[in-house]
*Asks:* 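Got a structure here, written out as C-alpha cells. Questions coming.
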Amino acid sequence: MESWRVIATALLGVAGLVLVLLAMAKVRDRTGRSGTVAIAGAVAFTLLVVLGVLTITVLPAGVVWGAVIVVGVVASALLLVG
C-alpha cells in the first residue's frame, strides 16, 4: 500500500467525521427528532466509509487529493460559519 494513500485516507477520515457530526447537528436543529438524526448520521458515515475504501484502494491520485481538499475546505468553512 502506498503511503500517500494512507495519508490521504487519514486526512479524509478526520475531515469527514467532522462533516458527519456537523450534518447530524444540522438535522437535529431542523427536525428535533433523534430518529432522523440517527438516520442522517448513518447515511453520512456510510458514504464516508465508501469514499475511504475507494480512496485507499482504486481511485487515482488526482481524484483522491481533490476529494481531500474539497472535504477539508467544506469542513473548515462550516466550522467557521457555525
Side-chain angles (χ1 to χ4, degrees):
M1 182 112 2
E2 294 134 330
S3 60
W4 68 266
R5 287 191 180 274
V6 175
I7 293 169
T9 304
L11 291 172
L12 185 68
V14 169
L17 284 177
V18 170
L19 283 179
V20 168
L21 294 174
L22 287 171
M24 291 174 70
K26 244 345 171 182
V27 170
R28 185 193 65 220
D29 289 345
R30 290 189 181 186
T31 65
R33 296 189 308 203
S34 61
T36 309
V37 173
I39 290 171
V43 168
F45 185 73
T46 302
L47 290 173
L48 178 63
V49 168
V50 168
L51 185 59
V53 168
L54 290 174
T55 297
I56 206 158
T57 56
V58 297
L59 289 177
V63 174
V64 167
W65 289 112
V68 169
I69 290 169
V70 167
V71 169
V73 167
V74 168
S76 298
L78 288 177
L79 282 174
L80 290 174
V81 170

*Asks:* Are L21 and V18 joined in one hydrophobic group, where the rule is that I, L, V, M, F, W and Y side chains link up if heavy atoms are under 4.5 Å apart?
*Replies:* no
*Asks:* Give the cluster check for V70 versus L12: same hydrophobic cluster or not, with ILVMFWY residues linked at side-chain heavy-atom distances below 4.5 Å.
*Replies:*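 Hydrophobic grouping puts V70 with L12.
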*Asks:* Measuring from atom CG of L47 to atom CG of L19, what distance do you get when rounded to the nearest 0.5 angstrom?
*Replies:* 11.5 Å
*Asks:* Please report the closest heavy-atom contact between A8 and V64, naming both atoms and the distance.
*Replies:* CB-CG1, 3.4 Å
*Asks:* Linking directly or through intermediates, with side-chain heavy atoms under 4.5 Å: list the remaining ILVMFWY members grouped with V6, chain and number order.
*Replies:* M1, I56
*Asks:* Give, for atom CH2 of W65 and atom OG1 of T55, the distance between the pair rounded to the nearest 0.5 Å.
*Replies:*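 W65 atom CH2 to T55 atom OG1 measures 10.0 Å (nearest 0.5 Å).
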*Asks:* Can you tell me which residue pairs pass the salt bridge (charged side-chain N to carboxylate O under 4.0 Å, His left out) test with a partner in residues 2-21, sequence neighbours excluded?
*Replies:*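 Non-adjacent pairs meeting salt bridge (charged side-chain N to carboxylate O under 4.0 Å, His left out): E2-R5.
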*Asks:* With hydrophobic residues grouped by side-chain heavy-atom distances under 4.5 Å, do V49 and V20 end up in a single group?
*Replies:* yes
*Asks:* Which atom pair, heavy atoms only, marks the closest approach of A15 to A75?
*Replies:*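 Answer, listing the atom of A15 first, then A75: O-CB, 4.0 Å.
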*Asks:* Kindly give the heavy-atom pair with the smallest separation between G13 and L48, and that separation in Å.
*Replies:* O-CD2, 4.2 Å
*Asks:* Are side-chain heavy atoms of V74 and L78 found at a separation under 4.5 Å?
*Replies:* yes
*Asks:* Any pair with a residue in residues 31-40 that passes salt bridge (charged side-chain N to carboxylate O under 4.0 Å, His left out), sequence neighbours left out, goes on the list, sorted by first then second residue, please.
*Replies:* none
*Asks:* Grouping I, L, V, M, F, W and Y whenever their side-chain heavy atoms are under 4.5 Å apart, do V43 and V53 come out in a common cluster?
*Replies:*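 No, no single cluster joins them.
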*Asks:* Examine V63 and V71 and state if one hydrophobic cluster contains both, with Ile, Leu, Val, Met, Phe, Trp and Tyr joined whenever side-chain heavy atoms are less than 4.5 Å apart.
*Replies:* yes
